[in-house]
Amino acid sequence: MIPERIKKLKAYRFPEFRKDRLNLNENPFPLPEVVLSEFKERIDGDDIRLYHSPIDNTFISALTEYTGFDGKNISLLNGADEGIYFLISLFGKEGFNIVSFLPSYKCYKEFSLMLGANFIEIPLSRDFSIDMERTLNVVKDTRVLFFIPNPNNPTGNLFARDKIVRILKEIRGFVVIDEAYFEFSKTTLAPLINKFNNLIILRTFSKSFSLAGERIGYLISNEDFVSHFNGFKNPYNFPYLSMVMGSVVLKHKDIFFERIQWIEAERERVFNELKKIPRLKVFPSKTNFLLFFVKDYKKLRDKLIEERISILDLGKGWFRLSIGRRELNDKVLNVIKEVNLLK
């Protein structure tokens with residue numbers, strides 16, 4: 001009775017729960033006490049028992065001020081991943097091909113397989129830039145839902161704005177710009193939502209605002225698309241507690257922006273240290289992680305396991321390192337240096 005495509009799916013392998021892991025791009029800082037304190041004060045026990053509109057609430061008002069867009073341009077999501085899932089479900093059932101780059105965020109492909117949608121990967125150029133000729137050849141004669149993470153994950157680079165705009169102009173379908181690292185890159189295509197009616201922006205509070213465990217995301221697009229999207233998604237998909245937490249966090253956003261500056265400075269320090277290591281290539285990043293490659297990856301993999309250090313092993317010598325607190329970053333650097341210098 002179970003469809004064959006479902007039988008082929010593998011359950012998500014949850015990483016070991018440890019507070020010192022550097023494999024999931026989590027923010028290294030806990031929530032500030034002032035945020036936790038105000039969050040507790042604002043929770044209304046009677047409100048928790050009620051259903052709350054995800055379309056008209058105090059958090060939407062806070063996001064309107066934060067983003068500069070009207071509430072009619074915003075849709076709340078239980079994590080940005082929910083937006084990816086909803087969009088693939090919506091367009092996949094209408095015969096759209098789901099498209100993204102290789103390498104890119106793995107959930108685009110995984111969710112497409114879950115939902116039975118046709119997924120197409122377009123390899124990036126050697127420098128991780130968009131190969132426009134190859135991209136347009138793939139998408140020119142078909143309806144597509146094109147996911148473009150900007151900055152890209154796991155490479156960490158920003159894509160050229162003119163290339164994305166050209167894709168928006170030439171494809172038959174929709175382009176989703178996944179701006180999970182927007183607060184780090186300071187780059188967005190959101191101002192173009194009313195110029196291109198096929199542009200959708202996804203964002204999350206997981207990375208910049210230390211809320212990976214709270215699952216707060218949102219979508220920005222033109223008013224017409226948001227109206228239809230709200231009619232498609234679950235009517236009460238966004239929890240009351242997340243509405244309260246999101247509102248409080250945005251009230252104290254300057255604290256988080258200072259932390260982002262620290263993470264960016266620490267990322268550059270780690271980047272420069274990795275550059276000094278022989279037989280290792282590290283790539284510049286506009287996120288809270290770094291991608292690097294080492295040829296002798298088996299020794300590094302074994303040593304990381306031995307030291308109980310978790311970074312993301314992408315296979316065949318490619319690793320993604322989240323930026324954590326300085327002492328943990330130094331621990332990782334020392335392991336990498338030890339392995340690469342012992343020749």
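Each residue takes its place number in the sequence, starting with 1.
- Atom CG of Leu113 is separated from atom CD1 of Ile98 by 11.0 Å, given to the nearest 0.5 angstrom.
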Legend entry - Audit row: Asn153, Thr287, side chain to side chain contact (heavy atoms under 4.5 Å, CB included) steps and yes/no: CA-CA 9 Å; Asn153 177 8; Thr287 66; over 6 Å; no
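- Salt-bridge formation is detected for the pair Glu26/Arg21: a Lys NZ or Arg NE/NH1/NH2 atom is positioned less than 4.0 Å from an Asp or Glu carboxylate oxygen.
- The environment of CD in Glu65 is sparse: at most 12 heavy-atom neighbours from other residues, nucleotides or ligands sit within 6.0 Å.
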Inset, instruction - Walk me through it: do Leu312 and Phe319 pass the test side chain to side chain contact (heavy atoms under 4.5 Å, CB included)? - result: CA-CA 6 Å; Leu312 186 62; Phe319 293 87; over 6 Å; no
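- Grouping the Ile, Leu, Val, Met, Phe, Trp and Tyr side chains by contacts below 4.5 angstrom, directly or via other members, places Phe238 apart from Ile55.
- Salt-bridge formation is detected for the pair Lys303/Glu307: a Lys NZ or Arg NE/NH1/NH2 atom is positioned less than 4.0 Å from an Asp or Glu carboxylate oxygen.
- With salt bridges taken as basic N to acidic carboxylate O contacts below 4.0 Å, one links Lys186 and Glu264.
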Inset, instruction - Evaluate salt bridge (Lys or Arg N to Asp or Glu O under 4.0 Å) for Arg166 paired with Glu170, printing each intermediate quantity in order. - result: CA-CA 6 Å; Arg166 187 178 174 192; Glu170 298 198 24; 2.8 Å; yes
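- Aromatic ring orientation, Phe111 versus Tyr85: perpendicular (interplanar angle above 60°, classes split at 30° and 60°).
- Here the options are Ile171, Ile167, Val99, the test is side-chain contact (heavy atoms from CB on, under 4.5 Å), and the partner is Thr135; only Ile167 passes.
- Lys163 places a side-chain N or O within donor-acceptor distance of the main-chain N or O of Ile130, the cut-off being under 3.5 Å.
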Inset, instruction - Show your working on side-chain hydrogen bond (donor to acceptor under 3.5 Å, both in side chains) between Asp224 and Ser227 and close with a plain yes or no. - result: CA-CA 5 Å; Asp224 185 56; Ser227 176; 5.9 Å; no
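- Of the possible donor and acceptor atoms, none in the side chain of Ser221 sits under 3.5 Å from a partner among the backbone N and O of Phe225.
- We find the CG-CD1 distance between Leu202 and Ile148 to be 12.0 Å, quoted to the nearest 0.5 Å.
- We find that Asp296 and Arg279 are not joined by a salt bridge, their nearest charged nitrogen and carboxylate oxygen being 4.0 Å or further apart.
- In this structure, Glu121 pairs ionically with Lys109, as a charged nitrogen and a carboxylate oxygen lie closer than 4.0 Å.
- Under the 6.0 Å cut-off for aromatic ring centres, Phe29 and Phe256 do not qualify, their centroids lying 6.0 Å or more apart.
- The hydrophobic cluster containing Met243 also contains Ile48, counting ILVMFWY residues as joined when their side-chain heavy atoms lie under 4.5 angstrom apart, directly or transitively.
- Exactly one of Phe232, Phe174, Phe229 qualifies for a ring-ring contact (aromatic ring centres under 6.0 Å, His included) with Phe91. That residue is Phe174.
- Classification of the Tyr108-Phe147 ring pair by plane angle, with boundaries at 30° and 60°, yields parallel.
- Looking at Lys337 and Asp330, no side-chain N of the basic residue comes within less than 4.0 Å of a carboxylate O on the acidic one, giving no salt bridge.
- Tyr297 and Ile305 are members of different hydrophobic clusters when ILVMFWY side chains are connected at heavy-atom separations under 4.5 Å.
- Crowding of Asp56 atom CG: a count of heavy atoms from other residues, nucleotides or ligands under 6.0 Å not exceeding 12.
- With respect to Arg42 and Glu38, a salt bridge is recorded, a charged nitrogen being found less than 4.0 Å from a carboxylate O.
- Residues Phe293 and Phe283 place their aromatic rings such that the two centres sit no closer than 6.0 Å.
- Ring to ring, Phe59 and Phe205 are close: their centroids are under 6.0 angstrom apart.
- Side chain to side chain, Ser322 and Asn25 meet the donor-acceptor criterion of an N or O pair below 3.5 Å.
- Taking the six-membered ring for Trp and thresholds of 30 and 60 degrees, Phe182 and Tyr66 have ring planes more than 60 degrees apart, a perpendicular arrangement.
- In this structure, Phe101 has its ring center closer than 6.0 angstrom to the ring center of Phe146.
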Legend entry - Derivation of the side chain to side chain contact (heavy atoms under 4.5 Å, CB included) call for Ile200 and Leu219: CA-CA 7 Å; Ile200 302 164; Leu219 175 153; 3.6 Å; yes
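- Under a hydrophobic-cluster definition in which Ile, Leu, Val, Met, Phe, Trp and Tyr are linked whenever side-chain heavy atoms come within less than 4.5 Å, directly or via other members, Trp262 and Leu211 are assigned to the same cluster.
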